[in-house]
Amino acid sequence: MNRRRPTLLAALTLTAAAALTLSACGSDDGPSGDNDKIAGADTGSSAPPASPTASAASQADRPKIELPGDVTYTFEWDKTGDPVKDAVLHDAEQRIRAVDMAIAKQNPLHEAYRFYSEGEASAGSQKYIQDFVDHDARTTGLTRYYRESVNVKEDGTASIVYCEDQSKSFNKFLKTGKTDVTSVTKDSYVVYAGTLRKNKDGVWVTERLASERGSSKCQP
């Protein structure tokens with residue numbers, strides 16, 4: 001099982017929000033490989049992406065996301081001009097942040113990431129976070145998100161595809177304070193494909209999420 005950040009021991013290797021193979025299609029990062037097909041992905045129309053829309057930002061009872069100062073992001077997700085797509089991208093971003101917060105707080109059942117995910121995606125995130133807890137580690141550094149695409153469907157669901165640059169993000173061990181700085185390779189770049197659904201509270205929750213490390217789609 002691969003992880004989001006470079007290497008966390010043999011068991012904790014690479015990536016951010018939950019690990020899952022493409023065939024299982026459920027979490028934040030899958031095995032490395034060169035196959036450009038993303039299981040369950042609907043490419044849809046390309047869209048520049050999102051910052052909080054007025055409706056998303058005003059919704060009540062959203063969890064407050066608080067992260068350590070050394071956990072930072074660059075979301076190259078501009079507003080699309082479509083309020084629905086912008087809301088999808090906003091909530092996808094919040095889920096990413098919420099998972100890293102759960103890791104930092106060492107809480108595999110943190111309410112924040114469960115606010116933004118359900119089903120397979122939530123279960124995958126729980127397992128991913130638990131791996132960090134088991135190894136007394138968390139994430140650190142800068143993670144960049146880019147080349148996003150959103151497609152909103154008539155059935156009330158949406159699909160999203162985006163890239164993640166992990167070349168400046170790493171694992172930090174809590175007991176020693178040591179950061180495991182790894183070399184940049186093609187596997188530092190991950191493509192994600194997810195399915196979201198708008199719930200009764202107006203939140204776009206991620207239900208399924210697959211990933212592929214080293215995909216040509218995300219190489220610099």
Side-chain angles (χ1 to χ4, degrees), residues 4 15-20 22 24-30 38-67 73 75 77-130 143 145 148-162 164 191-211:
R4 150 164 133 128
T15 245
L20 209 9
L22 293 177
C25 195
S27 227
D28 259 48
D29 194 11
I38 305 299
D42 187 343
T43 53
S45 57
S46 224
S51 54
T53 61
S55 59
S58 64
Q59 283 178 346
D61 300 323
R62 286 178 174 259
K64 185 175 182 180
I65 309 297
E66 296 180 312
L67 290 157
Y73 309 88
F75 282 92
W77 293 0
D78 302 319
K79 286 187 177 181
T80 67
D82 182 313
V84 177
K85 289 183 178 181
D86 286 348
V88 171
L89 285 161
H90 171 262
D91 290 349
E93 175 181 333
Q94 293 303 98
R95 185 198 62 79
I96 290 169
R97 294 178 184 271
V99 168
D100 277 346
M101 180 172 70
I103 292 170
K105 292 183 177 295
Q106 299 281 279
N107 183 357
L109 293 175
H110 200 286
E111 62 178 6
Y113 82 82
R114 292 191 294 159
F115 183 90
Y116 289 105
S117 61
E118 294 179 356
E120 291 181 18
S122 182
S125 291
Q126 180 181 340
K127 182 174 176 60
Y128 173 69
I129 296 161
Q130 184 65 56
T143 310
Y145 295 90
E148 72 295 328
S149 164
V150 180
N151 183 37
V152 179
K153 305 176 183 179
E154 292 183 359
D155 64 359
T157 64
S159 60
I160 184 172
V161 176
Y162 59 89
E164 180 188 46
V191 64
Y192 292 87
T195 301
L196 300 90
R197 176 184 53 81
K198 190 175 182 179
N199 66 17
K200 61 182 178 59
D201 298 317
V203 178
W204 285 94
V205 295
T206 299
E207 296 184 313
R208 295 166 66 86
L209 189 65
S211 65

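In terms of heavy-atom proximity, Ile129 sits nearest to Pro108 at CG2-CA, 3.6 Å. Nearest heavy atom pair, residue Gly202 against residue Asp91, reads O-OD2, 4.4 Å. Closest heavy-atom contact between Ala121 and Arg208: CB-N, 4.0 Å. A pairwise comparison of heavy atoms in Ala112 and Ile65 identifies CB-CD1, 4.1 Å as the closest pair. Pairing each heavy atom of Arg114 with each of Ser122, the nearest pair is CG-OG, 3.8 Å. Closest non-hydrogen pair, Phe115 versus Val205, comes out as O-CG1, 3.5 Å.
Residues satisfying the side chain to side chain donor-acceptor pair (under 3.5 Å) test with Glu118, not counting sequence neighbours, are Arg197.
In the model, Asp155 has a side-chain atom that pairs as donor or acceptor with a side-chain atom of Thr157 under 3.5 Å.
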key: CA sep, side-chain torsions, deciding dist, call: Arg95, Leu209, side chain to side chain contact (heavy atoms under 4.5 Å, CB included)   = CA-CA 12 Å; Arg95 185 198 62 79; Leu209 189 65; 3.3 Å; yes
request  = Would you please test Arg62 and Val203 for side chain to side chain contact (heavy atoms under 4.5 Å, CB included) and show each step?
outcome  = CA-CA 9 Å; Arg62 286 178 174 259; Val203 178; 3.8 Å; yes
request  = List the steps and the verdict of side chain to side chain contact (heavy atoms under 4.5 Å, CB included) for Val150 and Thr80.
outcome  = CA-CA 10 Å; Val150 180; Thr80 67; 5.9 Å; no
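With rounding to the nearest 0.5 angstrom, the CG atom of Leu109 is 11.5 Å from the OG atom of Ser125. Taken from OG1 in Thr143 to CD1 in Ile96, the straight-line distance is 9.0 Å, to the nearest 0.5 Å. Separation of atoms CH2 (Trp204) and CG (Asp86) is listed at 12.0 Å; rounding is to 0.5 Å. The CG atom of Leu196 sits 10.5 Å away from atom NZ of Lys153, with the distance rounded to the nearest 0.5 Å. Atoms NZ and NE2, from Lys105 and His110 in turn, are 5.5 Å apart once rounded to the nearest 0.5 Å. Between atom OH of residue Tyr145 and atom CG of residue Leu89 there is a gap of 13.5 Å, rounded to the nearest 0.5 Å.
Between Tyr162 and Trp77, the ring planes lie perpendicular to each other; the angle is over 60°, past the 30° to 60° tilted range.
Checking Tyr73, Tyr113, Tyr116 one by one against Arg97, the side chain to side chain contact (heavy atoms under 4.5 Å, CB included) holds for a single residue, Tyr73.
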